[in-house]
There are 2 protein chains.
Amino acid sequence: MGFKPDIVNLMKELLHQHISNHVTIPEKERDRFCNLFKHQLVKRKSFLLQEGETCKFEGFVIKGLFRVYHIDQNGFENILYFAIENWWITDIDSFTNNTPSQLYIEALEDSEVLLISKKDKEFAYINLPQIEKLFRIMTQKTHVALQRRMIDNLSKTADQRYLDFIKKYPQLLQRLTNLQIAAYLGISHEFLSKIRKKIVTGS
Amino acid sequence: MGFKPDIVNLMKELLHQHISNHVTIPEKERDRFCNLFKHQLVKRKSFLLQEGETCKFEGFVIKGLFRVYHIDQNGFENILYFAIENWWITDIDSFTNNTPSQLYIEALEDSEVLLISKKDKEFAYINLPQIEKLFRIMTQKTHVALQRRMIDNLSKTADQRYLDFIKKYPQLLQRLTNLQIAAYLGISHEFLSKIRKKIVTGS
DNA sequence: CAAAAAGATTGAACAAGTTCAATAAATACA
DNA sequence: TGTATTTATTGAACTTGTTCAATCTTTTTG
């Protein structure tokens, strides 16, 4: 593997911290796991994954912002989630089932990720017992988040979902365009514009 | 604990089989895990969980059919998922975070479940290493299913979602009313009725 | 088996959200 | 810095889906 520049080790600190926040793990095991990751720069508007490819990685965002989206039959973009610093990105469907992805993963800002391959992740599951627990917990968390969103999408109007969004992710709001927010909320950007007007003018 | 009737052991066979289908596990470890479950009959129209309660169990359906749903501000029921034989039921949000549930879990038929308490599940995570893996895999699977449904709900019309549903769950269809299917698809039952008419009469 | 309750269908009026087109504002980038 | 591109706003016409009310059918249960 050769030398690792200090800057990369510094970035892995973020991952160290993240892991220790979720599981109790011997330092050595944690370091072995972290060393399975490769650092990668991802320029704004470039893709980590595109539809039709099989997702071969799981990524941990060190810096920047990604969107994970799907393009439907009408050419409409639907955003499944955004990922910022300290979040994981992958298409879990494609990654676990080795099937072509329906999704695009695109950097919305110049970004940096740590990537682990499927083979190395499987190595970790077999040899590093706490990693199984880490991903059981992380998958639970993302599942809970998606379940909450599903309930909201089934039971709330677009107005309410937008108000919830700006309340829940105020910092993210400033890094996104209204087109992206609309694609996340599942409405047209024109309609979002009208919702915003209604809110400002006070209904 | 006393004697276990043969009938209960027979039911645990279903759980045995389910576990072995997902992980490689020593027989002894699997049996220790299965013995943590209690068998329970659940009559049609009765509840395993109601809104406001904290979900203290995870359940494996042996027989029957459940719906997991949420009642919104307008008193509308939104069904998150159905669970039949060999499926797990819980409110993972309430169960993992020890928070009051937003959900109801109701038997739609006279049903039977095997239930494990939170304490016993934690015991299993600590003492039975393959159980961590089992639930990592199961949570991944349910997450993938929910992700697919989220994409469909964002990108497809109600007509398409209904056609997908009857194609994907033909056997479930016969055990559900159209009210329940509508509550799963996120539409009114009147509108579902109109969709069905349109399909029969051929647009 | 009969009565009651729940489920299904239909139509008319309405509300939520889309589409298209035009214009203005902000941002990217050569 | 200026030009091209992307983003945001607005209105009018349209589509999708809701609501309410009435009627009919099926299922449940005493």
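Owing to the predicted nature of the structure, the values given are computational and were not obtained by experimental measurement. Below, chain A is the first sequence line, B the second, and so on; all start at residue 1.
- The footprint of chain A on DNA chain C, defined by a heavy-atom cutoff below 4.0 Å, extends from dG17(C) to dA28(C).
- Atom-to-atom, CD of Q160(B) to C1' of dT16(D) comes out at 13 Å; the value is rounded to the nearest Å.
- Residues that satisfy the ring pair (Phe, Tyr, Trp, His ring centres under 6.0 Å) test with F191(A), not counting sequence neighbours, are absent from this structure.
- Counting only distance, with no hydrogens or angles, the side chain of R30(B) and the backbone of I25(B) share no donor-acceptor pair below 3.5 Å.
- In this structure, N178(A) reaches the dT9(D) phosphate: one of its side-chain N or O atoms is under 4.0 Å from OP1 or OP2.
- Remark: the backbone N or O of F76(A) is not paired with any side-chain donor or acceptor of N74(A) at under 3.5 angstrom.
- The stretch residues 184-196 of chain B touches DNA chain C through H189(B), E190(B), S193(B), K194(B), R196(B), each having a heavy atom within less than 4.0 Å of the strand.
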Letter per nucleotide, 5' to 3', of nucleotides 22-30 of chain D [B base touched, S only sugar-phosphate touched, - untouched; heavy atoms, 4.0 Å]: ------S--
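- Proximity of I187(B) to Y162(B): side-chain heavy atoms (C-beta onward) are nowhere separated by under 4.5 Å.
- F135(A) carries K121(A) over the face of its six-membered ring, with the cationic atom under 6.0 Å from the centre and within 45° of the normal.
- Listed by first and then second residue, the salt bridge (Lys or Arg N to Asp or Glu O under 4.0 Å) pairs involving residues 165-174 of chain B amount to none (not counting sequence neighbours).
- T139(B) places no side-chain N or O within donor-acceptor distance of the main-chain N or O of R136(B), the cut-off being under 3.5 Å.
- The environment of CH2 in W87(A) is sparse: at most 12 heavy-atom neighbours from other residues, nucleotides or ligands sit within 6.0 Å.
- Looking at heavy atoms from C-beta onward, R148(B) lies in side-chain contact with V144(B) at the 4.5 angstrom threshold.
- One end of the helix from dC1(C)-dG30(D) to dA30(C)-dT1(D) points its axis 60° away from the other end's axis, with each axis taken from 5 pairs and the angle rounded to 10°.
- Using a cut-off of 4.0 Å between Lys/Arg side-chain N and Asp/Glu carboxylate O, R175(B) and E85(B) are scored as salt-bridged.
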